[in-house]
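Residue numbers begin at 1 in each chain, while the letters A, B, ... track the order of the sequences.
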Number of protein chains: 2
Amino acid sequence: MVAAESTQQVSALGRALLSVLCRREATGYELSRVMSTSTDYFWSARHSQIYAELARLEAAGLVRHTDIAAAGPRQSKRYAVTGDGRRSVLQWLRSEPEAHVDRDPVILRAHALWLLPPDEAAQVLAGIERASRERLALYQSFERALDEEGQGRVPGHPDFGSWATVRAGIEFHQGRLRWCRDVRRRLQQSEG
Amino acid sequence: MVAAESTQQVSALGRALLSVLCRREATGYELSRVMSTSTDYFWSARHSQIYAELARLEAAGLVRHTDIAAAGPRQSKRYAVTGDGRRSVLQWLRSEPEAHVDRDPVILRAHALWLLPPDEAAQVLAGIERASRERLALYQSFERALDEEGQGRVPGHPDFGSWATVRAGIEFHQGRLRWCRDVRRRLQQSEG
DNA sequence: ATGTGCATGTAAATGGTTACATGATTGT
DNA sequence: ACAATCATGTAACCATTTACATGCACAT
């Protein structure tokens, strides 16, 4: 009964959507909100991409939808992960971690930073620092909220996944702030 | 004499290429090596993308090429940044830092980690940790090499940019390793 | 009446990867 | 002979963003 399509490989976006649907059923609209806000900020995608990917996942037999009433010109579709969908997520989790190419504009600025005089370079760093501090504060508030709920400490509970996600964001920005401090210090060494 | 095209905005890849060309003249081939190896590993791009982008930058008047002898069926082109090109890099450096969406597969795994029993989740973390340790060691060897050259401490010298870039990579992976330790600790708390 | 949120989709354009294509030089 | 490195480009495809399009319900 399982379609031949289910052997096809799932895209990273597909895995992200399946990962959310393993927690709860959702409409495409709900998924698009989860992907860009709140504790679940872990993979971003626009609705245009999400609707297309859901159709692909359904063709591959990894999700299934039921029509529900909607406030709009079209019907709404509530998506649920299938057994095959859940299995494909678990199989991916157990596979070797894939290489990641990050194209971070901050790194680009770092590479070109020598072109500016030290005082202007320091201003660039200040801008990066400010943005990182804001993000860090946001993630720390997410972590506090999860800690108060209490379920973030229980492996086997979805909140554990959310906590791990938020923690990664916190650690990232703490590292970035340390970087700002290091680079700024070296700039000052040459000035003073 | 400056073309109207020069007011167009430059892509992130374009800025990365200009950033390298501000250090030294280079052929497309040399740029493609710099973008994927060694100390300058800060923005990745394949040669197919680089040749196309160089043509665009030249049309916009930001780079200029001179033909040189080459070992192959075609002539080789040595690219140099123009005054306009250099100015556009400086202008970008002084602008507000842009938002960055990072789609990191490790974060995706973090989000889904609760689906695995604690012992298997620990194995996933071990795989991530191993990969991060390797990268960290590589970046640390880059930093040592830059320290020995001595120019990495001098703002105004290209090596300062390389050092800042490498430092960011080191801080990132140190943060990631801390994250692995944190998550693993929480997994063990529930087991023991 | 005006805007915001719910809810879905399509189309066009840009960014990035993979594959195809060519051919000289140098080392094994 | 064969592979690796130098050196350039095109074409097809996949991923992502931006823009276009529709229309109901509810609050100001």
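Atoms CD and CG, on B:Glu171 and B:Leu136 in that order, are 10.0 Å from each other to the nearest 0.5 Å.
Rounded to whole Å, the distance from NE2 on A:His65 to C1' on C:dT8 is 12 Å. As a whole-Å value, the separation of B:Ile50 CD1 from C:dT17 P is 10 Å. With rounding to whole Å, B:Arg56 atom CZ is found 13 Å from D:dG9 atom P. Here the P atom of nucleotide D:dT17 and the CD atom of B:Glu98 are 15 Å apart, to the nearest Å. Put simply, CD on A:Gln9 is 14 Å from C1' on D:dA15, counting in whole angstrom units. If you take CH2 of B:Trp43 and P of C:dG15, they are 11 Å apart, rounded to a whole angstrom. If you take CG of B:Leu17 and C1' of C:dG16, they are 14 Å apart, rounded to a whole angstrom. Protein atom CZ of B:Arg78 is 10 Å distant from nucleotide atom P of D:dT8, rounded to whole Å.
Side-chain nitrogen and oxygen atoms of B:Ser48 include none within less than 4.0 Å of the OP1 or OP2 phosphate oxygen of D:dA11. Between B:Arg33 and D:dC6 there is a side-chain polar atom (N or O) within less than 4.0 angstrom of OP1 or OP2. Contact check, B:Gln49 against C:dG16: a side-chain N or O comes under 4.0 Å of OP1 or OP2. Distances shorter than 4.0 Å separate some side-chain N or O of B:Tyr51 from OP1 or OP2 on D:dT8.
Residue B:His47 places its side chain closer to C:dA19 than to any other of C:dT8, C:dG15, C:dA19. Picking from C:dT17, C:dC6, D:dA15 the nucleotide with the shortest atom distance to the side chain of A:Ser11 gives D:dA15.
Comparing the end axes of the helix from C:dA1-D:dT28 to C:dT28-D:dA1, each fitted to five base pairs by superposing C1' atoms of four pairs onto the next four, gives an inter-axis angle of 20° (nearest 10 degrees).
With salt bridges taken as basic N to acidic carboxylate O contacts below 4.0 Å, one links B:Glu98 and A:Arg109.
Between A:Phe42 and B:His111, the ring planes are parallel. Angles under 30° get that label, and only those over 60° would be called perpendicular.
Looking at heavy-atom distances under 4.0 Å, B:Arg103 makes contact with sugar-phosphate atoms alone, never a base.
Counting non-hydrogen atoms of other residues, nucleotides and ligands closer than 6.0 Å to CZ of B:Arg184 gives a total above 12.
B:Arg130 is linked by a salt bridge (Lys or Arg N to Asp or Glu O under 4.0 Å) to nothing, counting only residues two or more places apart in sequence or in another chain.
In this model, a donor atom of one side chain and an acceptor atom of the other lie less than 3.5 Å apart for B:Arg103 and A:Ser44.
Within the structure, side-chain hydrogen bond (donor to acceptor under 3.5 Å, both in side chains) contacts touching residues 134-147 of chain B (residues at least two apart or in different chains) are B:Arg135-B:Tyr139, B:Glu143-B:Trp163, B:Glu143-B:Arg167.
Summary of the strand contacts: B:Tyr79 and A:Ala45 both lie near DNA chain D, and taking for each the nucleotide with the nearest heavy atom, the more 5' one is attributed to B:Tyr79. Position along DNA chain C of the nearest nucleotide to A:Ser76 versus B:Leu13 favours A:Ser76 as the more 5'-ward residue.
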